Amino acid sequence: MNNNKIDLGFFPTPFQQLKNLSKLYPDYTIYIKRDDNTGLASGGNKTRKLEFLIQQALDEGCDTVITAGAQQSNHCRQTAAACAKMGLQCHLLLGGEKPDTYDGNLLLSSLLGASIHFTGDNRKGEDIKLLKETLEHQGNKCFIIPYGGSNSTGALGFVHAVEELKKQLAEKELTIDYIFFASSSGGMQAGLTAGKALYDLKAELIPISIDKEETNGVSLEEVVFRIVQEIIANLNINKKIEPSEIVLNRDYDTAGYGVLTANERFAIDELAKNEGILLDPVYTGRAFYGMLDFLKNKKLPAHTNVLFWHTGGLPAVFTFAKELT
């Protein structure tokens, strides 16, 4: 595993208390980690993964990057930006049919120079191999980034993020008891899990499932566990992690991926109107609602410190404008 990385974002990202929300949920002190402020093409957590993935592409002498996602993929938008910054061609395979007009992340990916291929029902990279063969036949040297940037290389970004958080907590002389975040492709969860073991972070991770579908018949818990095992082996982390330790809260994903419900609308309103911070309708809106539900129903012990890890996604707000107004 290559532990080298390039600088693509603004780090460390801000860590702050949500003072107004903490008053509304007085049994808890609520904090937020602002990975929506990483800076790369409006920010987001994927920048952490891309610092390692794009470095690997450059180390291997590649001139073209291929990845995949939904049309409003934050990962694809940030990949397009990283490629533009580093002088690489970028090809995005996006699910669905070509729309009449581009908006949100799709618009930004196009503005950032990515070549966009619409792939119908295949939004998780099922068609990457065929495109790679075509591009290589044309003389390109291709580097494939998996769906969500979620492999052991990309997940290194969140191993390092745990070290970053530990330093911020030490500076403030704080401890965090629970960390909530959106989990969809598994790389962030795997990186935080391995980083927690490496840096002895005591907080309990509470990942909120965003997408109830399995990928190629494999559960997200299995995906996360495999990535964790690779990281532990490559970084020589002296701790064994059992499959039972990979947990995923599936209480809030019933509506399916990218379906905006009253839950997400409530969460977006609650944070925006109380703290001036914007969530997105797909990932952070769902995960933040899950956290608020835990706090409202006192599913966690009182007088604990709770952290929400904001993974970004602002451009999708504009795509869901009709549902949000």
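Small disclaimer: the values here were computed from a predicted structure and weren't measured.
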Does NZ or CZ of K33 fall inside the cone over F15's six-membered ring, less than 6.0 Å from its centre and within 45° of the axis?
-> no
Partner of T153 under side chain to side chain donor-acceptor pair (under 3.5 Å), chosen from K49, Q56, Q55, E230 |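 Testing each of K49, Q56, Q55, E230 against T153, the sole residue satisfying side chain to side chain donor-acceptor pair (under 3.5 Å) is Q56.
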With a 4.0 Å cut-off, would you call [X] and [Y] a salt bridge?
X	Y	answer
R48	E164	yes
D253	R286	no
E171	K167	no
D177	K202	no
K5	D7	yes
R265	E270	no

Residue pair Q168 / L165, side-chain heavy-atom distance below 4.5 Å |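 They are in side-chain contact.
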Using the ring of each side chain (for Trp, its six-membered ring), is H91 parallel, tilted or perpendicular to H117, with breaks at 30° and 60°?
-> parallel
Do F180 and F294 have ring centres separated by under 6.0 Å?
-> yes
Take I232 and K239 through the side chain to side chain contact (heavy atoms under 4.5 Å, CB included) test and state the conclusion after the steps.
-> CA-CA 8 Å; I232 285 176; K239 183 178 179 183; 5.9 Å; no
